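For reference, the structure discussed in these notes is given below.
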Amino acid sequence: TYVSTLTFAATVSEPLHAFAYPNPSADRFYINLPENTSKVEVFDANGKLVQRFVPEKDVAEVNLEGMPAGIYVVKMKTANTEFETKLIRR
């Protein structure tokens, strides 16, 4: 198990950070989101959208229960930037 850390520059004075954990996981992932994240989208390895939601907290839960094992791409959007990370479902 490892924690993936992403750092992105944006038009703000501080860099944005997102932490996805646990990664890999059997079904549930958690992502510490930057402030003001307005949208989270999850895509399978074929680019098909499998989830889309507006986060209500600064930690988003991504539940891939019932989805096939593989790599999923999570795209997150704030007012100033868009970024992505990969999740590995076992």
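All heavy atoms count here, side chains included; hydrogens, waters and symmetry mates do not. None of these values were measured; they are calculated from a predicted model.
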Spell out, as yes or no, whether a donor-acceptor pair under 3.5 Å connects the side chain of Asn32 to the backbone of Tyr21. no
Heavy-atom donor-acceptor pair, Ser25 side chain to Pro22 backbone, under 3.5 Å: no
Could you give all pairs that pass the side chain to side chain donor-acceptor pair (under 3.5 Å) test and reach residues 38-57, with sequence neighbours left out?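 Listed by first then second residue: Glu41-Arg52.
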Is Asn23 close to Phe29 at the side-chain level, that is, under 4.5 Å between some pair of heavy atoms?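 In short, these two side chains touch, coming nearer than 4.5 Å.
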If I compare all heavy atoms of Phe83 with all of Pro34, which pair ends up nearest, and what's the gap?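 For Phe83 and Pro34, the tightest heavy-atom pair comes out as CZ-CG, 3.3 Å.
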Contacts under 3.5 angstrom, residues 60-77 side chains, donor-acceptor by atom type, not counting sequence neighbours:
unit_1: Glu61; atom_1: OE2; unit_2: Arg28; atom_2: NH1; d: 2.3
unit_1: Asn63; atom_1: OD1; unit_2: Glu65; atom_2: N; d: 2.8
unit_1: Tyr72; atom_1: OH; unit_2: Pro68; atom_2: O; d: 2.6

